[in-house]
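The shown structure was predicted, so the numbers you read here are calculated from the model rather than taken from an experiment. Chain naming here is simple, since letters A, B, ... match the order of the sequence lines and numbering starts at 1 in each. All values below were derived from every heavy atom in this structure, side-chain atoms included, with hydrogens, water molecules and symmetry-related copies excluded.
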Amino acid sequence: MVNPVLLLAVPLGLAFLTPLLAFISDRIARYVPVAGMLFNCVVSVSLIPSVLNRPIIVQTGGFAPPFGINLVAGPLGITLAAVIALVGLAVSVYGLAYVKEGATVKYHVLYLLLLTGATGVVLTGDIFNLFVFYEILCISSYALVAYSGDKNGVEAAVKYLIQGSIGSGLALIGIAILYGVFGTLNMADIARNIGSTGILNTTLFIALAFMVAGFGVEAAVFPLNAWLPDAHSSAPAPISAILSGIAIKVGIYVVVRIVFTVFGAPSMFMLLVVIGVVTLLIGEMSAFSQNNIKRMLAYSSVGQVGLIVFALGMATTGGISGGLFQIISHALAKSLLFLATGYMIYRSGSMEISSLQGMGKRMPLTCCAFTIGAFSLVGLPPFAGFPGKFMIVRAAIAQQQHLFTFLIALVLFGTIIEACYFFRIVQAAYFTGPREEPDAGKQRREEAPLFALAPMLGLLVFIIALGVYPEPVIRLLDSCAAELLNRFDYIKGVLG
Amino acid sequence: MSFLFENSYYIAAVGLILIGLYIMAAKKNLIKVIIGLSFFETGINVLLIAAGYIRGGSAPIFSHPDMQAGKMVDPTPQALVLTAIVIGVAVLALALSLAVRLYEHHGTLNLRKIRELKW
């Protein structure tokens, strides 16, 4: 059995090795993220069977928990680490062809650090360590949003940096309060001290509020999502893909882990449900009114975050595994969409939706990938979005409350809006010709390069495979849901 | 009066946090906003230190045979603050370098005038 700490040590080590390798040859440095993510992918998938039996607790420095920093590789952590590594691998292969200008070595270093931070957040069992990995993730994403150094990128990065830093500052205040009350930083130990009453005293409630608000900035739930459309639309295509696919999911994970495992606060579930629906509706309606395709995709991410938070807030096995399934399918589909859009924008030279007319003939494969990604996000049957949404709807109806029936109707209304704006683009790409084409009969083919098509194809295979045969993943996610719902098993697993 | 004395560290920490938030909300100049961010982070660091501080306590080292563990300052928050300071330095350095880039593009640091992306 491999030690899960390698999931963090290898990418972190490779990140700092990259500048040295670049002295020898830039060519080698480009392949470092691919190698690191391939390693993570293999290791995390190979760990899944053993963590399903019992979570692997890694002690660092020989201190048994609750002392020292420990890693908790439970089903949820390893599943998310596998998703991060998979999407990270696809996007790093895409980056081989896309990232050519500017400080490419620094790009690869920051990219690996971002993924290390994301993996660290989902695997750690120590709340301050979680904060440190979260900051590694955030700081490298601030820098990567501004990577191209153009006007919009820098402005979006400044905005993201200010809001993100306030968010992580608030989260740190929450951690300080928790440490002041309990004198421990181990999440399982804090959870044991809080107990199972479900009623929090004022001090603990303030700590919970600070942490949910602070980490909620990265999760981009409704009142805290002002930075997202700018940052995701101004970043280079691979970075948009990784931010939408991975970074916001990590934010959701932190919020959920804190609410479910650390505090065990049922009073927050209804808040999550309501925030989720509001976020969904606002995100989808804003996306509908956009003319810029990347902004539209960014707002669509806001909507999907709302759907995920709604599903997780139901706090039933069906709801949580539906939400987690949606996390996976959205990570695959949205990164596919951003990757496909990257070259469509590159070829057409504009981010306006109207400039994509006739793209179906110019770039048939890329457009096909975009279409399937869009269909999956909307939730059409043979693709990965369908089982996720179906599970969420089924879980909401199984609650047997009028309120949830009403809310799921609003969610489905949001999905219809989503379908409207995605089909508008598909229609523009396939069924309207380019406005001024001097030799339309020749059909100029300008496909994306091979290194960009290969990861899109890989993501496509996963989307279709998950849509056709979701059983094994659903079984895996059911045990992830059990990990979130039974906090005593988590506490017992860590503290013994 | 004794309440103020006993909680003076917490009052200072919350004061610094609020001053920082006020600066970030009210000031137009990006450099001043970054200074506000620095205030905010310093306030949080003071809060963390205050959580483990004992008035008149000593360093947690048994350098003298009749020292008692109860009168020692908790070292963990100080280690946390050390980490938080390093993170804060990284954030501030990045923010200032982005401010330089923003000035090159727009010729101003006034956030009210930089409105390309619907602030």
Do the side chain of Ser8(B) and the main chain of Phe5(B) share a donor and acceptor less than 3.5 angstrom apart?
-> yes
Chain A: which of Ala95(B), Ala13(B), Gly43(B) shares the most heavy-atom pairs with it under 4.5 Å?
-> Ala95(B)
Chain B contact via Leu161(A) - which portion, at a heavy-atom distance below 4.5 Å | side chain
Residue from Gly149(A), Ser168(A), Gly183(A), Gly180(A) scoring the most non-hydrogen pairs under 4.5 Å with chain B is Gly149(A)
Looking only at atom types and distance, does a side-chain atom of Lys294(A) sit under 3.5 Å from a main-chain N or O of Ala235(A), one as donor and one as acceptor?
-> yes
With under 30° as parallel and over 60° as perpendicular, where do the rings of Tyr111(A) and Tyr107(A) fit, or are they tilted in between?
-> parallel
Among side-chain atoms of Ser148(A) and Asp150(A), is any donor-acceptor pair under 3.5 angstrom?
-> yes
With distance as the sole criterion, is a donor-acceptor pair present between the side chains of His232(A) and Ser244(A) under 3.5 Å?
-> yes
Highest number of heavy-atom pairs under 4.5 Å with chain A among Pro77(B), Gly52(B), Ala51(B) belongs to Pro77(B)
For chain A, the option from Val86(B), Leu21(B), Leu47(B) that forms the most heavy-atom pairs under 4.5 Å | Leu47(B)
What part of Leu80(B) is in contact with chain A, defined as an atom under 4.5 angstrom from a non-hydrogen atom: side chain, backbone, both or neither?
-> both
Contact part of Leu98(B) toward chain A, heavy-atom cut-off under 4.5 Å: side chain, backbone, both or neither?
-> both
Output yes when a side-chain donor or acceptor of Thr119(A) lies under 3.5 Å from a complementary backbone atom of Leu115(A), and no otherwise.
-> yes
Residue from Ile166(A), Val181(A), Leu170(A), Ile175(A) scoring the most non-hydrogen pairs under 4.5 Å with chain B is Ile166(A)
